[in-house]
Structures are given as C-alpha cells and as structure tokens.
2 protein chains.
Amino acid sequence: MTDARSFIDVSADTARPATRDVILDAAERVVSRDGSGRLTIDAVVRESGFSKGGVLYNFPSKQALIEGMVSRLILQARTDCEAALDGAQLSGENPVAALIRAILAFKHANRDVAMALLAAAAESPELLDPVREMMARIREDVISRAPDPIMARIALLAADGLHLGDILGLDMITPDEQAAVEARLVQLVSEPAPR
Amino acid sequence: MTDARSFIDVSADTARPATRDVILDAAERVVSRDGSGRLTIDAVVRESGFSKGGVLYNFPSKQALIEGMVSRLILQARTDCEAALDGAQLSGENPVAALIRAILAFKHANRDVAMALLAAAAESPELLDPVREMMARIREDVISRAPDPIMARIALLAADGLHLGDILGLDMITPDEQAAVEARLVQLVSEPAPR
DNA sequence: GCATCTATACCGTCTGGTCGGTTTTTATCT
DNA sequence: AGATAAAAACCGACCAGACGGTATAGATGC
C-alpha cells in the first residue's frame, strides 16, 4: 500500500516539514540503541515526540514504517554511489576505487540509516528484497569495471563485513586499523590481477 | 559432542540429554525462516514439538534460550578453529590459511547455528558480548601469525561479510564465485606483504 | 525418589492497530 | 486582504490479541 512516490517526493517537494524523516530518524535511533526487537510503534512514538496517531498517519503499519526505513537506506546509498561515480569522472580517478571509497564512507555517515537492515530482517525477511537488488546492482557495477574482478569482489565483501559487523554491534576494528584496511582495499582494487 | 549447557549453567553434572539441542535447533529454524522478531517461546514450542512446560524447564526464560543459542555458536566455532589449527600442524599447512579456510567453511556447515547472532542482537545487544570476545580472539590469533597482517584483516572481514550477509538473508554470491573468492583469500593470506 | 517431561489454565503486560475527534494548512471565493 | 470550507496532519483513548512467564497436576523412566 505504501507507494514509493511519497518517499522520493520528500526531498523534491517544497519545504513541508519532513515529518516522515523525523519519525524514521527516531526509529533508527531505537534500533541502534535498544536492538531491533525493541522497535515498537510506541517506542517510536516516545522517541519522535509525535503521537501514536501521528506516527500511524504517516506510516499506516509497522511494516510500512520499516519499508520506509529501507526505502531511505536505498535512496541514500544510490545517491552516494552516483555522486562518487560523478566525482571520479570529473577528477579522472579510478571509478572502482571511488566506489569502494564511497561504500566504506557510508558506514561513518549513515550508520543509523543502515539500521533498517536489522529492523527489516527482524520483522519479515522479504522486506530486504529491495536491498538485495540494490546491492547486486552495485556489485555488478563495481566488478564489471574492475581490473581484477575477484579482488573487487573481495573488497566489496570486506566492506560489507565492516558494515554488517558494525550494525550488529560486533565492533571488529579500531579506527586506525580501519584506515589502513581502507587504504589497502582501494589500492588492491585499482591494480590488475597478478600473474 | 560436548555439553553446551556447561557454558551457561554452573551445574554441569551429568551428560544432558539431547533435548536442549532439539529445542535450540527449533529456535534456529524459527529465526532462519521467520526472522528474529518472530522468535517467541510459543513458536519454539510449536517448532520443537515439546510442550511449553518442557521448553521452559530446559530454558527458564527467553533470554536463557538465546544465551543457549549463543553458547552453542561459540562452542562450535571454537571447536572448528582448534581442529583446523591441529590439522594444519599435522599436515604442515600454513596455519593462517587453514584458519581462514575453517572460518569460511563454517558458513556452509553452521548457517542455522549462526542465527543466534540475529536472535541475540534483537533481544538484547549485550548478549553478543561473548561473541565479540571470541571473534577478537580468533582475529588476534590469525593476524599475529599472518605474513601480511592487513591482508589477513581484510580476509577476515571478507569472511565476516559472507557470514553476516548470509545470516541476514542478503545472498551476495553464487557458490562458484565463492569458491574463487575463497581460493584467492587463502592465497592472499599466505603471501608476505608486497614491496 | 528424583529428574524430565506433558498438558493446560491462567495472569499482567505489551503490542499493533482502530477510531472519533481536534488542530493546522491549503485552496477558493469575494 | 479576509472569510471560509475542505483537506491534510495530528492526537490520544481504547481494544483484541500476542507475549513472557507462572502454576499446577500428572505421566514416564532410571
């Protein structure tokens, strides 16, 4: 029932108060702080400051709310990737390296947005279908441009490992270790396959 | 097969019947099929075939049940890793490569067991503390033996990406692609750092 | 006799969702 | 511009069911 139109409209429309985004922010905070199992409508009501009626007016069901979280996640990821590709084309940088860099940067900038993954996996796994699709597209895009496809796949997997581990709360790496890993990944992905 | 209860229960007296494992299996199936949010005691009762009293006799609370899942996951992972190290020592194989191989093999053999991660993250994130600890120990172990520590870290992250993506239901790779990635990871992790 | 269950009834709380009503914005007409 | 009507946005009390957990009485087997 929830159409994707309203989600895309929010950014393109006039300066109407982005209530939906405020609610989604609150939902992400709840998942991030308390775990996906504690994402209840009442918790979002408390966290957002809106009333229950208001929340359910914008998202007619809990499933719709999570669909909204997933939609925003996908929109953000797509935007970031396209921006990275545009930037690479302008600066003449290796596009694969630029994409890997963007994917890695996503973790720092959009940790809470990615909590949609946990919420969706908990509520009903098929809500992750659009995420699967998006990830597949990005993966194809990166691998098809990469000088060393298997290495590109490994880099993507490592980036996913960082993301998902962070989302699940398994802190697996210190910031400076991560910086070294990221630099190495960007380098590896720019080189042709050895031998 | 050792007793999993001893990890959560101080009274590890006699060899426990397999009932607990049957219940844990059922819980994992529920999470795997329906999502962590649908892991309820009643669902486990239905899935396991035991009565509610029987389930709650073996796991006095939902939290205890999830702790049981986590304990079994950790026990299994540790067993696998130690077996891999022993095997490497006997065959003279590179221990780091053997560990990476074991970690990757874990995905195929123990997918359902790893559903404990989702269940724990949903119920209460601190239940993941022992998992964090175990992963840190394995990581240290691998990295300290690796000829190229950053590469080892990348390989571990890629393996985690595979695992976690699989657990969350984001199927990210086909079996033959994964075979190629695994071979390459094992190779990369055995070589010294370039230049 | 103790441990391990089955079976069922029950309780207080939480949860998703509904509903009628109120406020705020927007469109329309003069 | 000001009045006004309609639509959109929001509120909060309420409900039916699900949930985690308790309690009880009895069966089975070592």
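Here the structure is a predicted model, which is why all the values come from computation and not from measurement.
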Determine yes or no for a side-chain-to-main-chain donor-acceptor pair under 3.5 angstrom, with [X] supplying the side chain and [Y] the backbone.
X	Y	result
B:S124	B:L127	no
A:R72	A:V113	no
B:R38	B:V31	no

Next on the checklist: Using every non-hydrogen atom in the two residues, find where B:I100 and B:A155 come nearest and quote the distance to one decimal.
Outcome noted: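 Taking every non-hydrogen atom into account, CD1-CB, 3.9 Å.
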Next on the checklist: Could you check whether atom CD of A:Q89 has more than 12 heavy atoms from other residues, nucleotides or ligands sitting under 6.0 Å from it?
Outcome noted: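 At most 12 heavy atoms, drawn from other residues, nucleotides or ligands, come within 6.0 Å of this atom.
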Rounded to the Å, how far apart are [X] [atom1] and [N] [atom2]?
X	N	atom1	atom2	result
B:I66	D:dG21	CD1	P	10 Å
A:D42	D:dC19	CG	P	16 Å
B:R38	C:dG16	CZ	P	11 Å
B:R46	D:dA18	CZ	C1'	10 Å
A:I41	C:dT18	CD1	C1'	11 Å
B:K62	D:dC19	NZ	P	9 Å

Sort me out a list of protein N/O and nucleotides 28-30 of chain D N/O pairs below 3.5 Å, or just none if empty.
none

Checklist entry - At under 4.0 Å between heavy atoms, what does A:L39 touch on the DNA or RNA strands: base, sugar-phosphate, or nothing? => result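 Sugar-phosphate contact only - A:L39 comes under 4.0 Å of backbone atoms but never of a base.
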Next on the checklist: Classify A:L56 by what it touches in the nucleic acid, base, sugar-phosphate, or nothing, heavy-atom distance under 4.0 Å.
Outcome noted: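 Base contact.
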Checklist entry - Are any of the side-chain heavy atoms of B:L117 and B:L164 separated by less than 4.5 Å? => result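 A side-chain contact exists here, since the closest heavy-atom pair is under 4.5 Å.
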Checklist entry - So do B:P194 and B:D148 actually touch side chain to side chain, heavy atoms under 4.5 Å? => result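 Contact flag for B:D148/B:P194 side chains = yes.
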Next on the checklist: Quick test of your reading of the model: are A:D141 and A:R145 salt-bridged, counting only N-O distances below 4.0 Å?
Outcome noted: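 Between A:R145 and A:D141 there is a salt bridge, with a charged N closer than 4.0 Å to a carboxylate O.
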Between the protein and nucleotides 6-10 of chain C, list every N/O to N/O distance that falls short of 3.5 Å.
unit_1, atom_1, unit_2, atom_2, d
C:dT6, OP2, B:S51, N, 2.8
C:dT6, OP2, B:S51, OG, 3.0

Next on the checklist: What's the closest nucleotide to the side chain of A:T19 if the choices are D:dC10, C:dG16, D:dG20?
Outcome noted: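 Nearest to the side chain of A:T19 among the choices is D:dC10.
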Next on the checklist: If the cut-off is 4.0 Å, is B:N58 near the phosphate of C:dC5, judged by side-chain N/O to OP1 or OP2?
Outcome noted: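 Indeed, a polar side-chain atom of B:N58 lies that close.
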Checklist entry - Are a donor atom and an acceptor atom from the side chains of A:D176 and A:T174 found within less than 3.5 Å of each other? => result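 On atom types as modelled, these side chains qualify, holding a pair under 3.5 Å.
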